[in-house]
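Worksheet: one structure, shown below.
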Amino acid sequence: MSKPTLPQGTRDFSASVVRKRNYIFNTIRSVFEVYGFQPLETPAMENMETLMGKYGEEGDKLIFKILNNGLAEGATPEKALEKAARSRESFEKLLSGKNISDITERALRYDLTIPFARYVAMNHGQLTFPFKRYQIQPVWRADRPQRGRYREFYQCDADVVGSRSLLNEAELTGIYATTFTKLGVPVEIRINSRKILAALAELCGGSDKMVDITVAIDKLDKIGLEKVKAELAQRGLDENQINIIERYLLIAGSNTEKIEQLRALASNNATAAQGLEEINFVLNYQPEDAPLAEVVIDFTLARGLNYYTGIIFEVKAKGANMGSIGGGGRYDDLTGLFGVPNLPGVGISFGVDRIYDVMEELNLFPQEVEASTKVLFFNLGEAECAKAFQLAQELRARGISAELFHEQAKFDKQFKYAEKKGIQYVAILGSEELQNGTCKIKNQSTGEQNTVAQADIASQIQ
RNA sequence: GAGGGUAUAGCUCAGUUGGUUAGAGCGUCAGUUUGUGGCACUGAAGGCCGUGGGUUCGAGCCCCAUUAUCCUCCCCA
């Protein structure tokens, strides 16, 4: 019998990790709530056709598919054989990349946006627009695990659907800013507009080149200007076009400086002007009570998902070696994919698992997040134990977490248990205290110890 | 999908040109110590050296394969 293992890229979470993760979830959820978003949950699995083709060619490969049941079963042996034969045929088709619904018709959720779009398309008659929902659930991707990348991870999404107002973008920026400030994580919220990228493509003489251009410039941080230029040339852009892109990529400085430089470069392009207007609007609504979040323009920001049409977001933690910890943007017609056209939307996503890793790396979790049991009653004899049990119950009734040591044991052992579990107070109730109706309360961190009346224990440990 | 590293005690890791009975620190358990923990000391338990082949008189060490895991690229949260 070999040791049991976990599927690649999945994890168990022990008590302290769960507590810290919940701290992040609760912080994000509370911000979503105060901005007026409503919760939604969708199933772990969706129909295959709901997901396929929504994330690009690469994305389809990363979707976890669920094998159909009963691939070789039937009411009679003959039918079972027939079914098995059909399954074999379908499997051949699957291998050659054709119709696969005979083999797999369900798949695990890949993100929260597409299931949300599916939900809105199914329920648009009942919803009040603009519809603001948030969703905190795990998603699954058949990616190769590595640092900051898991096969099962949580996303926390907030989307507004049914409104073209840029106020939504401003509010979502505010959600990012307040959440990361509450969590104590210094971040850069990078924004750009797909319209700016479209304008760049227009300036280079072909909107059809937009994908080529964005794919190449998105790599600027990683491979450098020269290699980006080489890649552009390889993708069929001429010297003049590459020249314009180079000037575009060299835009730098403060937000206002960047805007000026872009204006100079794209002075008479209407699409660029629209994009700049969007960016300006969002910048003018920067929240003032969120000092840890800095909103910066990043004209090289492109983002892969091809359904974005307006403002796009990406969040990077400052001082941590980690990819983006959040992202999102505006999509003009997401539900169109599901037969309900003309419903625009905009949304953002938090990557909790990466936020956790960053907070762990930068040591940002407040100590009290890990607090468990508040007080441990020592077990010092039969009668003492009975009294301690009663006192523990009284504390529990008042919402104070209390434990009674499970057996009579030496002080040493009971103290060590309290220490290891990080229990803040121990309550010592021995024969003497039992007789006097008192109890000794010791603060584990300071070593301070007081004898108090049994009725006063709760107030003593608050 | 492409490339690289690692695999030895519960955990982190040593292990000499290939040579007798594979080590350390931490952790665990027990004792010093049955009314005051964290410290110290003493002792104990705990290993098919990832798995399968091969080379050799002899393999934890060399070779091949395989699996797992970590990292990089692609892409992403």
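By convention in this document, chain letters (A, B, ...) are assigned in the order of the sequence lines, proteins followed by strands, and residues within each chain are numbered from 1. This structure is a prediction, so every number in the text was calculated from the model and none was measured.
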Under 4.0 angstrom, heavy atoms only, what part of the nucleic acid is [X] near: base, sugar-phosphate, or nothing?
{"X": "Asp143(A)", "answer": "base"}
{"X": "Glu433(A)", "answer": "base"}
{"X": "Lys316(A)", "answer": "nothing"}
{"X": "Ile428(A)", "answer": "base"}
{"X": "Gly326(A)", "answer": "sugar-phosphate"}
{"X": "Tyr150(A)", "answer": "base"}
{"X": "Gly148(A)", "answer": "base"}

Is the shortest side-chain N/O distance from [X] to OP1 or OP2 of [N] below 4.0 Å?
{"X": "Gln8(A)", "N": "U69(B)", "result": "yes"}
{"X": "Lys61(A)", "N": "C75(B)", "result": "no"}
{"X": "Gln146(A)", "N": "U72(B)", "result": "yes"}

For the side chain of [X], starting at C-beta, report the closest nucleotide among [options].
{"X": "Lys410(A)", "options": "C76(B), G37(B), U34(B)", "result": "U34(B)"}
{"X": "Lys440(A)", "options": "G3(B), U36(B), U34(B)", "result": "U36(B)"}
{"X": "Lys420(A)", "options": "C71(B), A77(B), C29(B)", "result": "C29(B)"}

### Query
Within the modelled atom types, does a donor on one side and an acceptor on the other bring the side chain of Gln414(A) and the base of U36(B) under 3.5 Å apart?
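For Gln414(A), whose side chain was compared with the base of U36(B), there is no donor-acceptor pair (under 3.5 Å).
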### Task
Measure distances between side-chain N and O atoms of Arg354(A) and base N and O atoms of C76(B), and say whether any donor-acceptor pair falls under 3.5 Å.
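A donor-acceptor contact between them is present.
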To the nearest Å, give me how far apart [atom1] ([X]) and [atom2] ([N]) are.
{"X": "Phe377(A)", "N": "G37(B)", "atom1": "CZ", "atom2": "P", "value": "20 Å"}
{"X": "Ile114(A)", "N": "C76(B)", "atom1": "CD1", "atom2": "P", "value": "14 Å"}
{"X": "Leu380(A)", "N": "U36(B)", "atom1": "CG", "atom2": "C1'", "value": "10 Å"}
{"X": "Asn436(A)", "N": "G35(B)", "atom1": "CG", "atom2": "C1'", "value": "14 Å"}

Give me, pair by pair, the N or O atoms of the protein and of nucleotides 38-40 of chain B that are less than 3.5 Å apart, along with how far apart they are.
{"unit_1": "G38(B)", "atom_1": "O4'", "unit_2": "Glu419(A)", "atom_2": "OE1", "d": "3.4"}

### Query
Do Val282(A) and Thr173(A) touch side chain to side chain, with heavy atoms closer than 4.5 Å?
yes
### Residue whose nearest RNA chain B nucleotide is more 5′ - Arg147(A) or Arg141(A)
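Its nearest nucleotide being more 5', the pick is Arg147(A).
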For atom [atom1], what is the distance between [N] and [M], given to the nearest Å?
{"N": "G52(B)", "M": "C70(B)", "atom1": "C1'", "result": "23 Å"}
{"N": "U12(B)", "M": "C75(B)", "atom1": "P", "result": "33 Å"}
{"N": "C73(B)", "M": "U55(B)", "atom1": "C1'", "result": "37 Å"}
{"N": "C13(B)", "M": "G54(B)", "atom1": "P", "result": "32 Å"}
{"N": "C61(B)", "M": "A14(B)", "atom1": "C1'", "result": "13 Å"}
{"N": "G43(B)", "M": "U33(B)", "atom1": "C1'", "result": "16 Å"}

### Query
For the residue pair Phe180(A) and Phe350(A), does the interplanar ring angle fall in the parallel (under 30°), tilted (30 to 60°) or perpendicular (over 60°) class?
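It falls in the tilted class, 30° to 60°.
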Let me check something: any side-chain donor-acceptor pairs from residues 37-53 of chain A under 3.5 Å, sequence neighbours excluded? List them with distances.
{"unit_1": "Thr42(A)", "atom_1": "OG1", "unit_2": "Gln135(A)", "atom_2": "NE2", "d": "3.0"}
{"unit_1": "Glu46(A)", "atom_1": "OE1", "unit_2": "Arg118(A)", "atom_2": "NE", "d": "3.0"}
{"unit_1": "Glu46(A)", "atom_1": "OE2", "unit_2": "Arg118(A)", "atom_2": "NH2", "d": "2.8"}

### Query
Got more than 12 heavy atoms from elsewhere within 6.0 Å of CZ, Arg11(A)?
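Count over threshold, so yes.
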### Message
For the CZ atom on Phe389(A), are there more than 12 heavy atoms of other groups (residues, nucleotides or ligands in this structure) within a distance under 6.0 Å?
### Response
no
### Result of checking Leu262(A), Leu197(A), Leu200(A) against Phe299(A) for side-chain contact (heavy atoms from CB on, under 4.5 Å)
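Only match with Phe299(A) under side-chain contact (heavy atoms from CB on, under 4.5 Å): Leu262(A).
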### Query
According to a 3.5 Å limit on both distances, what stems of 3 or more consecutive Watson-Crick or G-U pairs are formed with RNA chain B?
B:1-7 with B:67-73, B:10-13 with B:23-26, B:28-32 with B:40-44, B:50-54 with B:62-66
#### Entry: Trace of the side-chain hydrogen bond (donor to acceptor under 3.5 Å, both in side chains) decision for Asn443(A) with Ser445(A)
CA-CA 6 Å; Asn443(A) 183 324; Ser445(A) 46; 2.8 Å; yes
